[in-house]
S.K.: 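Below is the structure I would like to discuss, written out as structure tokens.
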Amino acid sequence: MEKLRPQLSTRWIATVASIWIQCSVGASYTFSIYSAVLKSSQGYSQSTLDTVSVFKDIGANAGVISGLLYSFVTRKTSLPLCVVHVVGAIQYFLGYFLMWASVVGLIDKPPVALMCFFMFLAAHAQTFFNTADVVSGLENFPHYGGTIVGIMKGFLGLSGAILIQVYDTFFKGEASTYLLMLALLPTCVSLVLMFLVRIYEKTTSDHKKHLNGFSAVALIIAGYLMIIIILENIFTLPLWARISTFILLLILLLLPLGIAINALREESNRSLQTDSIESNLLTDNGEQITSPQFSTAEDTIEYQQLPSSDLEVKATSDDKMLLDEEPLNPLQSMCTLNFWLLFVAMICGMGSGLATINNMSQIGASLSYTTVEVNNLVSLWSIWNFLGRFGAGYVSDYFLHTKGWARPVLMGVTLATMAVGHIVIASGFPGNLYLGSVLVGICYGSQWSLMPTITSELFGVRHMGTIFNTIAIANPVGSYVLSVKVIGYIYDKEASGDDDTCYGTRCFMLSFLIMAAVAFLGCLVAVALFFRTKRFYQLAVLRRLVHSFK
């Protein structure tokens, strides 16, 4: 056991543990599974259920406390990082267990306000896992921030589809039991693996190859889940088929461990070879020998062609606070214009994206999509969400390392593309929801990868957990305004009949044209952020990358 312990205490094993935790804690994306039983058992109206759902969105995005706890544990005390996971696990268990107890009658029906608190507690737990896994990953792989954030956020995006596979395999049709599963399974996974998630000293080794391996596994799992989701919505799979597909999913989830073992083996071999070279140098009569095979060139990375001219730029007064090597605390960051530009861009992008998925069922019904087609759209949203989270991180890293492009430029591109997606949905042509949901889903997921990475680069890693969780509040704020004050208001005006339903493109056309304008406004704000931070990226971020590989 003592021999095994050093092998477990590495950044690669920490990454695998974080990936597995992220795969299990995204239950906030599966609200539709148990919303019906929650509504019927508690006697809620649709508006009351929507109110409970709003607290889910608030809890899942209001992660300021988790960020403060992470900063306190890692900077102010000698407590282990697992403290953050423990606080999340306690909230996760209590939130879902109390909801399950309410649904099955184990406790008396709670008041609506108390049920909203249960929902908030369960969803809020997600921010603790997310903060611990994302920020520690960024600290372990600082030179590939976009890639590692994309991996962590991507697996969190896939977790909803993974949890639904567990439900379909073992508890299909038993939504109340699914609530109990959510109370137990993610809590146990996080408590077992949390001791492996740690922060390790920075190195100049080339980590890109193995991070690409994790990315490839994520793509394979996403593709597999997409196939399974489509098959389950077309055919009724027998129990043996569901069990077989689930076992294959578990095997795929074990692949990151193989990548970590391979990375450890390569690092061990490199260390032995380096020790051998140093030993030969010491015994070679004082003659200096330089081997190109083991020179610092070995640690160069495939993305290291940085434009030297970009580093020869003089700073202006706007860059002074950012160029200070001391990371900004949350209050200092909120005193900068860049913080509020990023916040407004996220209100426009995240808010309109979340408003889209929250109303997908109603949009499909108004356009005469079948129930199977709507279920396909909702289920596949998690795949498009994942592709955006993963792809934006990887692509932004690539262009930063090869072209020196500041990340906000990609944010602007994705928000402009999201505006196009909203226009496609507004158009109402046959099949518009398929194309529109792909565009909006990918671009929505992109913001979840780009925003934390940009936050860490502009304001530093020390308080990143608090700052990016503060900016994430833009998600429920934007969603509430656009869902209730725009989509809901216009839909109610257009609705007719005793059941207040609406059919045809008129139900949502104006709403989505407004959201397209909002997304385009976010694009303009992101472009403004790009021009404000372009000089900073040239002077600071690229300089750090160059120095780290010298």
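Atoms considered below: every heavy atom in the structure, side chains included; atoms not considered: hydrogens, waters and symmetry mates.
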S.K.: Does a side-chain heavy-atom distance below 4.5 Å link Met152 with Asn130?
M.R.: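 Not touching, per the 4.5 Å side-chain cut-off.
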
S.K.: Are Leu225 and Phe386 packed together at the side-chain level, in the sense that at least one heavy-atom pair is separated by less than 4.5 angstrom?
M.R.: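 Side chain of Leu225 against side chain of Phe386, heavy atoms only: no contact under 4.5 Å found.
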
S.K.: Test: salt bridge (charged side-chain N to carboxylate O under 4.0 Å, His left out). Region: residues 336-354. Which pairs qualify, not counting sequence neighbours?
M.R.: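 Residue pairs passing salt bridge (charged side-chain N to carboxylate O under 4.0 Å, His left out), neighbours aside: none found.
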
S.K.: Apply the test side chain to side chain contact (heavy atoms under 4.5 Å, CB included) to residues Cys443 and Leu415: give CA-CA distance (whole Å), side-chain angles for both, the deciding distance (0.1 Å), then the verdict.
M.R.: CA-CA 7 Å; Cys443 294; Leu415 288 174; over 6 Å; no

S.K.: Holding to disulfide bond (SG atoms under 2.5 Å apart), I want the full list of residues that pass it with Cys82, two or more places apart in sequence or in another chain.
M.R.: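 Testing Cys82 for disulfide bond (SG atoms under 2.5 Å apart), a comparison that skips the adjacent residues, returns none.
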
S.K.: Leu341 and side-chain contact (heavy atoms from CB on, under 4.5 Å): which single residue from Val527, Thr336, Leu529 fits?
M.R.: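 Answer after filtering Val527, Thr336, Leu529: Leu529.
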
S.K.: Flag the pair His422 / Leu513 as yes when at least one side-chain heavy-atom distance between them is below 4.5 Å, and no otherwise.
M.R.: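 No, their side chains stay 4.5 Å or more apart.
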
S.K.: With sequence neighbours excluded, what pairs up with His463 under the ring pair (Phe, Tyr, Trp, His ring centres under 6.0 Å) test?
M.R.: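 Not a single residue meets the ring pair (Phe, Tyr, Trp, His ring centres under 6.0 Å) criterion with His463.
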
S.K.: Are the side chain of Asn469 and the backbone of Val64 linked by a donor-acceptor contact shorter than 3.5 Å?
M.R.: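 Checking the backbone N and O of Val64 against the side chain of Asn469, no donor-acceptor pair under 3.5 Å is found.
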
S.K.: Check the orientation of Tyr491 and Phe508. Use parallel for under 30°, tilted for 30 to 60°, and perpendicular for over 60°.
M.R.: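 The arrangement is tilted - the two ring planes meet at 30° to 60°.
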
S.K.: Do Lys209 and Glu266 come within less than 4.5 Å of each other through their side chains, counting heavy atoms only?
M.R.: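 When only atoms from C-beta onward are counted, Glu266 and Lys209 do touch, with a gap below 4.5 Å.
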
S.K.: Considering all heavy atoms of both residues, which atom of Ile151 and which atom of Leu211 are nearest to each other, and what is their separation?
M.R.: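 Closest approach of Ile151 to Leu211: CD1-O, 3.6 Å.
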
S.K.: Distance-only, no hydrogens or angles: does the Trp20 side chain make a donor-acceptor pair with backbone N or O of Leu253 under 3.5 Å?
M.R.: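 Side chain of Trp20 to backbone of Leu253, a donor-acceptor pair under 3.5 Å: yes, one is there.
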
S.K.: Kindly assign one of parallel, tilted or perpendicular to the pair His124 and Phe128, based on the angle between their ring planes and the thresholds 30° and 60°.
M.R.: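 Correct class here is perpendicular.
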
S.K.: Verify the ring-centre separation between Phe141 and Trp12: is it less than 6.0 angstrom?
M.R.: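 They qualify: ring centres under 6.0 Å apart.
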
S.K.: Once the angle between the rings of Phe343 and Phe339 is folded into 0 to 90°, is it parallel (under 30°), tilted (30 to 60°) or perpendicular (over 60°)?
M.R.: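 The rings of Phe343 and Phe339 lie parallel, inter-plane angle below 30°.
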
S.K.: Under the ring pair (Phe, Tyr, Trp, His ring centres under 6.0 Å) test, which residues partner Phe155, sequence neighbours left out?
M.R.: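 Once residues adjacent in sequence are excluded, Phe155 has no partner under the ring pair (Phe, Tyr, Trp, His ring centres under 6.0 Å) criterion.
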
S.K.: Would you name the heavy atoms of Thr505 and Ser427 that are closest together and state the gap between them?
M.R.: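 Nearest pair, atom of Thr505 first, then Ser427: CG2-O, 4.2 Å.
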
S.K.: Taking atom OG1 of Thr470 and atom CG of Leu342, what is their separation to the nearest 0.5 Å?
M.R.: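 Answer rounded to 0.5 Å: 11.5 Å.
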
S.K.: Minimum heavy-atom separation for Ala14 to Arg198, with atom names?
M.R.: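 Smallest interatomic distance, heavy atoms only, reads CB-N, 3.9 Å.
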
S.K.: Atom CZ of residue position Phe429 - does it have more than 12 heavy atoms of other residues, nucleotides or ligands inside 6.0 Å?
M.R.: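 It does: Phe429 CZ has more than 12 such atoms within range.
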
S.K.: Would you name the heavy atoms of Tyr92 and Ser24 that are closest together and state the gap between them?
M.R.: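 What the structure gives for the nearest pair is OH-O, 4.0 Å.
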
S.K.: Hey, does the side chain of Asn432 reach the backbone of Ile425 with a donor-acceptor pair shorter than 3.5 angstrom?
M.R.: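 Checked: pair present.
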
S.K.: Verify, without hydrogens or angle tests, whether Asn61 (side chain) and Ile473 (backbone) share a donor-acceptor contact under 3.5 angstrom.
M.R.: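 The answer is no, because no donor-acceptor pair under 3.5 Å joins these two groups.
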
S.K.: Please determine, by modelled atom types, if Arg407 and Ser396 share a side-chain donor-acceptor pair under 3.5 angstrom.
M.R.: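 Ser396 and Arg407 do have a side-chain donor-acceptor pair below 3.5 Å.
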
S.K.: Determine, stepwise, if the pair Thr533 / Asn338 fulfils side chain to side chain donor-acceptor pair (under 3.5 Å).
M.R.: CA-CA 8 Å; Thr533 59; Asn338 291 336; over 6 Å; no

S.K.: First locate atom CD of Glu139, then atom CG of Leu81, and finally report the distance between them rounded to the nearest 0.5 Å.
M.R.: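 Answer rounded to 0.5 Å: 9.0 Å.
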
S.K.: Between Asp57 and Ser479, do the side chains contain a donor N or O and an acceptor N or O under 3.5 Å apart?
M.R.: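 The criterion, which ignores hydrogens and geometry beyond distance, is not satisfied for Asp57 and Ser479.
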
S.K.: Counting only heavy atoms not in Ile65 (residues, nucleotides, ligands), do more than 12 fall under 6.0 Å from its CD1?
M.R.: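 For Ile65, atom CD1 is not crowded (no more than 12 foreign heavy atoms under 6.0 Å).
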
S.K.: Nearest 0.5 Å please: distance from the OG1 atom of Thr453 over to the CE atom of Met411.
M.R.: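 Thr453 OG1 to Met411 CE: 9.0 Å, rounded to 0.5 Å.
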
S.K.: Applying disulfide (SG to SG under 2.5 Å), run through Cys502 and Cys507 and close with a yes or a no.
M.R.: CA-CA 6 Å; Cys502 180; Cys507 307; 2.0 Å; yes

S.K.: What pair of heavy atoms forms the shortest contact from Ser366 to Ile363, and how long is it?
M.R.: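 Distance-wise, the nearest heavy atoms are OG-O, 2.7 Å.
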
S.K.: Are Lys534 and Val409 packed together at the side-chain level, in the sense that at least one heavy-atom pair is separated by less than 4.5 angstrom?
M.R.: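 When only atoms from C-beta onward are counted, Val409 and Lys534 do not touch, as no gap falls below 4.5 Å.
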
S.K.: Working note: Gln22 + Val25, criterion side chain to side chain contact (heavy atoms under 4.5 Å, CB included); need CA distance, chi angles, decisive distance, verdict.
M.R.: CA-CA 6 Å; Gln22 292 290 90; Val25 297; 4.3 Å; yes

S.K.: Could you give me the CA-CA distance, side-chain angles and deciding distance for Thr147 and Asp397, then say whether side chain to side chain donor-acceptor pair (under 3.5 Å) is met?
M.R.: CA-CA 6 Å; Thr147 301; Asp397 260 0; 2.7 Å; yes

S.K.: Quick one: pull up CG in Leu69 and OG1 in Thr127 and give me the separation to the nearest 0.5 Å.
M.R.: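 Reported value, rounded in 0.5 Å steps: 10.0 Å.
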
S.K.: Answer yes or no: is there a donor N or O on one side and an acceptor on the other, between the side chain of Arg389 and the main chain of Gly150, under 3.5 Å?
M.R.: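 Flag not set: sc Arg389 to bb Gly150 has no pair under 3.5 Å.
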
S.K.: For residues 511-526, pull every pair meeting salt bridge (charged side-chain N to carboxylate O under 4.0 Å, His left out), keeping only residues two or more places apart or in separate chains.
M.R.: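 Sorted result for residues 511-526: empty, none.
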
S.K.: Are the side chains of Ser190 and Phe129 in touch, meaning some heavy atoms are under 4.5 Å apart?
M.R.: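 Contact flag for Ser190/Phe129 side chains = yes.
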
S.K.: Which residue pairs pass the ring pair (Phe, Tyr, Trp, His ring centres under 6.0 Å) test with at least one member in residues 465-490, sequence neighbours excluded?
M.R.: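 Every candidate ring pair (Phe, Tyr, Trp, His ring centres under 6.0 Å) pair involving residues 465-490 fails, so no pair, neighbours aside, qualifies.
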
S.K.: When rounded to the nearest 0.5 angstrom, what is the spacing between CH2 in Trp384 and OG in Ser437?
M.R.: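 Those atoms lie 7.5 Å apart.
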
S.K.: Got more than 12 heavy atoms from elsewhere within 6.0 Å of CZ, Phe31?
M.R.: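 Counting other residues, nucleotides and ligands, CZ of Phe31 exceeds 12 neighbours.
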
S.K.: Just wondering, do Trp405 and Leu400 contact through their side chains at under 4.5 Å, heavy atoms?
M.R.: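 A side-chain contact is absent here, since even the closest heavy-atom pair is not under 4.5 Å.
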
S.K.: Could you give me the CA-CA distance, side-chain angles and deciding distance for Trp340 and Met334, then say whether side chain to side chain contact (heavy atoms under 4.5 Å, CB included) is met?
M.R.: CA-CA 7 Å; Trp340 293 107; Met334 292 176 70; 4.0 Å; yes

S.K.: What closest approach, in Å, do Cys523 and Gly412 show between heavy atoms, and which atom pair accounts for it?
M.R.: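 Closest pair (atom of Cys523, atom of Gly412, distance): SG-O, 3.3 Å.
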
S.K.: Just by distance, with hydrogens left out, do Thr414 and Ser446 show a side-chain donor and acceptor under 3.5 Å apart?
M.R.: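 No, no side-chain donor-acceptor pair sits under 3.5 Å.
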
S.K.: Can you name the one residue among Ile199, Thr455, Val149, Asp133 that meets side-chain contact (heavy atoms from CB on, under 4.5 Å) with Leu138?
M.R.: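 Of Ile199, Thr455, Val149, Asp133, side-chain contact (heavy atoms from CB on, under 4.5 Å) with Leu138 is met by Val149 alone.
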
S.K.: For a side chain to side chain contact (heavy atoms under 4.5 Å, CB included) check, start with the C-alpha distance between Trp381 and Tyr444, then their side-chain angles and the critical distance, and finish with the verdict.
M.R.: CA-CA 10 Å; Trp381 175 272; Tyr444 172 76; 3.9 Å; yes

S.K.: Calculate, to the nearest 0.5 Å, the distance between atoms CE and CE belonging to Met350 and Met418 respectively.
M.R.: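 Those atoms lie 9.0 Å apart.
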
S.K.: For the residue pair Asn329 and Gln332, establish whether any side-chain heavy-atom pair is separated by less than 4.5 Å.
M.R.: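 Side-chain contact under 4.5 Å: yes.
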
